[in-house]
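Here's the structure we're looking at; comments come further down.
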Amino acid sequence: MMNAITPVVTEDSIALGLPIDVSIENVVKAFDDTPALHGVSLDVKAGELVALLGPSGSGKTTLLRILAGLDAPTSGRVLFDGSDALGLPVQDRNIGFVFQHYALFRHMTVFDNIAFGLTVRPRASRPPKAEIRKRVLHLLDLVQLGGLEKRYPAQLSGGQRQRVALARALAIEPRVLLLDEPFGALDAQVRKDLRRWLREIHDRTGHTTFFVTHDQEEALELADRVVVMSKGRIEQVGTADEIYDQPASPFVFSFIGESSLLPVTLVDGQIQLDGRPVGLAAPQGQSGTATLGFRPHDIAIVQDGGPAISGQIIAERRHGARRRLELHVGAEAHRAEIDVPADQGRQIGSQVAFRPNHWRIFPA
Amino acid sequence: MAALHIASIKRPSVIPGFGLALGVTLSYLGLIVLIPLAGLFWRSAQGGPAEFIRIATDARTLAALRLSFGTAFIAAAINAVFGMILAWILVRYDFPGRRIIDAIVDLPFALPTAVAGIALTALYAPNGWIGSLFEPFGIRIAYSATGIVIALVFIGLPFVVRSVQPVLEDFDREVEEVSATLGATRAQTVRRVVMPTLMPALLTGFALAFARAVGEYGSVIFIAGNSPYRTEIAPLLIVIKLEEFSYSGATTIAVLMLIASFLILLAINLVQSWSRRRYGDV
């Protein structure tokens with residue numbers, strides 16, 4: 001198994017190709033008439049580390065495969081540094097692709113796996129044997145597997161296999177690095193180590209990198225920008241702070257972090273639930289039905305009988321340092337969750353009133 | 001001593017009945033395989049070493065053995081190539097009638113071999129549909145080693161297809177995709193990534209087809225022509241020896257076939273277990 005990973009800084013950094021800009025313009029992909037991507041556009045700057053985040057079926061892996069050339073879009077354009085990439089077959093696109101389940105060549109040693117991309121080149125552009133050897137050993141050091149070059153994939157742990165897969169992808173000096181749920185098959189602890197380690201590798205090699213994940217924590221921690229996807233559309237693109245603090249849609253709000261959403265109406269500058277004001281001001285100039293979103297931990301209990309959201313406690317459980325209450329709110333018993341201090345246990349079935357400290361209104 | 005030995009193999013396990021299972025297995029193997037083979041060896045030794053060597057080095061015996069193993073090897077090799085292609089097509093492509101072709105592959109198993117032999121002879125004989133096409137060029141298919149190979153290819157076909165097919169079905173498409181992203185051409189991917197993975201299964205199929213072909217009798221005797229020194233296979237020579245009441249002659253040839261087959265199959269098995277140890281399961 002892996003030990004905690006410490007950064008290895010080597011002086012002679014190998015040439016890894018210059019990072020490039022990637023432009024995705026209105027890409028549509030239809031599988032048997034069911035669209036998997038509805039017109040996705042995204043500009044990524046050279047050297048950026050971008051996370052494609054979304055639930056399964058959101059189209060994030062499809063987008064990644066289109067970038068790689070493993071799938072062709074129904075329409076749209078993909079530009080690498082301003083020139084068309086879709087015309088290039090996968091072999092000539094020069095991208096490094098890492099699969100969730102490693103996809104190592106199990107009949108080859110670690111060394112041969114990493115060297116594969118170099119040894120399949122036409123003789124004219126193939127580096128000499130000594131040069132290949134030097135580069136593979138260097139990459140093995142980079143992924144901290146020095147000394148394991150003679151092993152077979154079956155003799156490695158999951159985390160080690162994924163690092164071999166990454167070294168293999170880096171060996172061809174890719175223009176873009178594409179990682180499809182790279183840590184999805186690994187233990188929680190190994191995931192955390194590899195996440196930090198991947199960030200370090202990226203800081204040193206500087207590839208334009210896309211990685212697909214459904215783990216928001218991974219995306220927010222690792223990426224320069226997060227692309228939140230749902231049902232074949234991009235919901236929002238932004239930094240971790242932007243995604244978390246200014247979610248563009250109820251989907252992003254509920255997908256990122258913990259949240260509760262309640263249907264409300266905006267009347268006379270007030271937010272109303274079931275026709276009663278809850279003590280929160282509506283955004284200026286908005287009225288009609290809307291969705292109120294708030295975070296469970298970011299609320300205040302109201303005990304003075306003033307306007308508030310009230311609900312019946314249907315369950316409670318310990319949640320880290322706090323205690324989480326599950327509520328049925330309003331006449332239609334909408335589900336909501338709030339946190340209270342751990343020592344303030346409450347009776348199941350009793351009523352509780354609260355107001356969010358921070359909240360967001362998404363017009364219907 | 002034996003009890004001690006068994007006790008040392010036996011370990012506490014959640015799967016009970018090791019002793020019983022081993023006992024049943026050994027008795028069964030003994031009854032079905034080992035006792036008849038031991039009888040064979042015993043009978044062949046009865047004539048004494050001089051007699052054994054005389055029959056074993058007889059030109060007719062050697063010619064028959066060479067023909068049997070040679071044609072079996074060629075047929076197994078042909079089956080390895082075309083069985084591989086057939087398995088590939090059945091797994092990788094979807095076309096109307098795929099299920100039917102899949103079922104047809106097993107027909108050589110089901111058909112009585114004599115029927116196959118007669119059918120093939122009718123086709124490939126000098127006056128048959130296919131044989132008559134080759135006859136003007138002086139190429140004789142039936143009543144020659146070529147005819148024997150054709151019969152052996154026919155009966156050995158299912159082995160390679162059925163051993164390669166499941167492995168190919170389980171083959172991870174992502175491994176091929178990653179190979180392409182690394183710049184490998186399709187041919188390079190097949191040669192360096194797919195084929196090595198299929199090799200153990202292909203070897204199994206080859207070994208089975210070969211073993212089956214070496215012992216094949218029913219279909220071959222119709223198409224071979226059975227002329228001594230030329231198209232007489234070893235199993236037929238055994239039958240001929242029996243008809244001449246030369247039991248030591250028959251058993252000697254049988255023992256030679258047995259030893260040769262065993263050595264070849266053992267070698268193939270060793271190659272396989274070596275590759276399995278090396279690649280393991282990923």
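Reminder, nothing fancy here: chain letters follow the sequence lines and each chain counts from 1.
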- Query: Is atom OH of Tyr93(B) surrounded by more than 12 heavy atoms (other residues, nucleotides or ligands) closer than 6.0 Å?
  - Reply: no
- Would you say Glu174(B) and Tyr102(A) make side-chain contact, with heavy atoms under 4.5 Å? no
- Message: Please classify the contact between Thr189(B) and chain A as side chain, backbone, both or neither, with a heavy-atom cut-off of under 4.5 Å.
- Response: neither
- Are the side chain of Gln91(A) and the backbone of Ala180(B) linked by a donor-acceptor contact shorter than 3.5 Å? no
- Count the heavy atoms belonging to other residues, nucleotides or ligands that lie under 6.0 Å from CG of Leu263(B), then report whether that count exceeds 12. yes
- Message: Counting only heavy atoms not in Phe111(A) (residues, nucleotides, ligands), do more than 12 fall under 6.0 Å from its CZ?
- Response: yes
- Query: Using non-hydrogen atoms only, which part of Arg186(B) is less than 4.5 Å away from chain A: side chain, backbone, both, or neither?
  - Reply: backbone
- Query: Would Arg192(B) and Thr119(A) satisfy side-chain contact (heavy atoms from CB on, under 4.5 Å), going step by step from the backbone distance to the final call?
  - Reply: CA-CA 11 Å; Arg192(B) 297 194 43 187; Thr119(A) 57; 3.1 Å; yes
- Message: Between Ile95(A) and chain B, with a heavy-atom cut-off of 4.5 Å, which part of the residue counts as in contact: side chain, backbone, both or neither?
- Response: both
- Message: Quick check for you: to the nearest 0.5 Å, what is the distance between Arg173(B) atom CZ and Leu70(A) atom CG?
- Response: 11.0 Å
- Query: Gly96(A), Gly117(A), Ala165(A): which one forms the most heavy-atom pairs within less than 4.5 Å of chain B?
  - Reply: Gly117(A)
- Rounded distance [0.5 Å steps], CD1 in Ile114(A) versus CG in Leu182(B): 11.0 Å
- Should Glu177(B) and Val90(A) count as side-chain neighbours, where that means a heavy-atom distance under 4.5 Å? no
- Message: If you count every heavy atom of other residues, nucleotides or ligands that lies below 6.0 Å from Arg98(B) atom CZ, does the total exceed 12?
- Response: yes
- Would you mind checking which part of Arg168(A) comes under 4.5 Å of any heavy atom in chain B, side chain (CB onward), backbone (N, CA, C, O), both or neither? both
- Query: Is the CZ atom of Phe109(B) crowded by more than 12 outside heavy atoms at less than 6.0 Å?
  - Reply: yes
- Say you draw a straight line from OG1 of Thr197(B) to CZ of Phe105(A); how long is it, rounded to the nearest 0.5 Å? 9.5 Å
- Query: Between the side chains of Arg93(A) and Thr181(B), does any donor sit under 3.5 Å from an acceptor?
  - Reply: no
- Do the non-hydrogen side-chain atoms of Asp172(B) and Phe99(A) ever get within less than 4.5 Å of each other? no
- Polar side-chain atom of His107(A) near backbone of Val194(B) as donor-acceptor pair, under 3.5 Å: no
